[in-house]
Protein chains: 2
Amino acid sequence: MKNITALCKDHKLRLTAPRRVILKVLEQSADHPDAVELHRRVQMIEAGISLATVYRTLKLLEEKGILEKHSFGDGPARFERADQEHHDHLINVETGDVIEFRSDAIEQLQEEIARKHGFAIVSHRLEIYVRPLRK
Amino acid sequence: MKNITALCKDHKLRLTAPRRVILKVLEQSADHPDAVELHRRVQMIEAGISLATVYRTLKLLEEKGILEKHSFGDGPARFERADQEHHDHLINVETGDVIEFRSDAIEQLQEEIARKHGFAIVSHRLEIYVRPLRK
DNA sequence: GTACCTGCAAACGTTTTGCTGAATC
DNA sequence: GATTCAGCAAAACGTTTGCAGGTAC
């Protein structure tokens, strides 16, 4: 998997100092942070970077198809790298943790449903909000 | 299917004039309106009703389990009656129209996935964003 | 040198809330 | 008569944007 900075070069995005920091943080984030959380992490490396720049960069990366944006529940949008194998999400409602999963069977059923209604799938979103089984 | 006003009586909600109007509009709405659209419809019947009241009533009805709240994509939350058979949504990205569907097979697969990860499902959300097949 | 980027502050759209008076039960 | 509700305006929240200066290519 290419690093994000390389992907940005591919897309001819200018590698400014703030962007380098943001990309580095994204690189190191295995979770699904939102813009404010990302900004917090960025601030720890370089204090002057504004939240507006974080938002602008995230939007840009999403438009370029480098990041995927998710809106779980009501809260702020959360981001993850787009160049992963497609997957859906289990969200632990007690902790906010996100677990990725993949089900070809479900994917295929969705295809069938869309086709049966006369549509082609543009995208989809499956989120299962869960609670640990044994307390 | 009971009318919404009856459900509110069951939950001991006070039937004020603004609420009667909001409930009536909900009763007559077969689509999935958001708060502002609902307010617009309410205004056509009774001009003095405030948006805050619409929001407060929607929140109350959701808490009582009378309405379900959905956040499709980015936009405002949209509402529908909760006392329908469970279903998911196809969203036509060209028109914003929402089509309901139901797949027991998908439901069951979700159960299995959650269980396999050691979780019980609290709720879930499946939205398929689609485009008409034949132009 | 040009196009793009930044920080700041202000504005945005959606939703909630404090207040004070009024209506329901 | 107690409790809940209404409208209004202000605030909260996440996000976007206009501007004026600065930087990458």
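Reminder, nothing fancy here: chain letters follow the sequence lines and each chain counts from 1.
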Open item on the list: Please tell me whether H86(A) and E107(A) have a donor and an acceptor in their side chains that are separated by less than 3.5 angstrom.
Closed with: yes

Does a side-chain heavy-atom distance below 4.5 Å link [X] with [Y]?
X: L126(A); Y: D88(B); result: no
X: F101(B); Y: I128(B); result: yes
X: V130(B); Y: H117(A); result: no

In whole Å, what is the span from the [atom1] atom of [X] to the [atom2] atom of [N]?
X: H11(A); N: dC5(C); atom1: NE2; atom2: P; value: 14 Å
X: K12(A); N: dT2(C); atom1: NZ; atom2: C1'; value: 17 Å
X: H70(A); N: dG14(D); atom1: NE2; atom2: P; value: 19 Å
X: H39(B); N: dG13(C); atom1: NE2; atom2: P; value: 16 Å
X: D10(B); N: dC25(C); atom1: CG; atom2: C1'; value: 17 Å
X: E37(B); N: dG13(C); atom1: CD; atom2: P; value: 17 Å
X: R19(A); N: dC5(C); atom1: CZ; atom2: C1'; value: 6 Å
X: K64(A); N: dC4(C); atom1: NZ; atom2: C1'; value: 12 Å

Can you name the atoms? Protein N/O to nucleotides 20-25 of chain D N/O, anything below 3.5 Å, with the distance.
from    : atom 1 : to     : atom 2 : distance (Å)
dA24(D) : N3     : R14(A) : NH1    : 3.2

Task: Contact list for DNA chain C against residues 45-59 of chain B - heavy-atom distance below 4.0 Å - done: L51(B), A52(B), Y55(B), R56(B), K59(B)

Task: Partner of H89(B) under side chain to side chain donor-acceptor pair (under 3.5 Å), chosen from E127(B), E80(B), E100(B) - done: E80(B)

Open item on the list: Checking one residue: V122(A). Which other hydrophobic residues are in its cluster under the side-chain 4.5 Å linking rule?
Closed with: F72(B), I91(B), V93(B), V98(B), Y129(B)

- [ ] Test T53(B) against T16(B) for side-chain contact (heavy atoms from CB on, under 4.5 Å), laying out the working first.
- [x] CA-CA 11 Å; T53(B) 296; T16(B) 62; over 6 Å; no

Task: Residue among I66(B), L67(B), D34(B) satisfying side chain to side chain contact (heavy atoms under 4.5 Å, CB included) with L58(B) - done: L67(B)

Open item on the list: Is it true that, when you exclude Q108(B) itself, more than 12 heavy atoms of the residues, nucleotides or ligands shown sit nearer than 6.0 Å to its CD?
Closed with: no

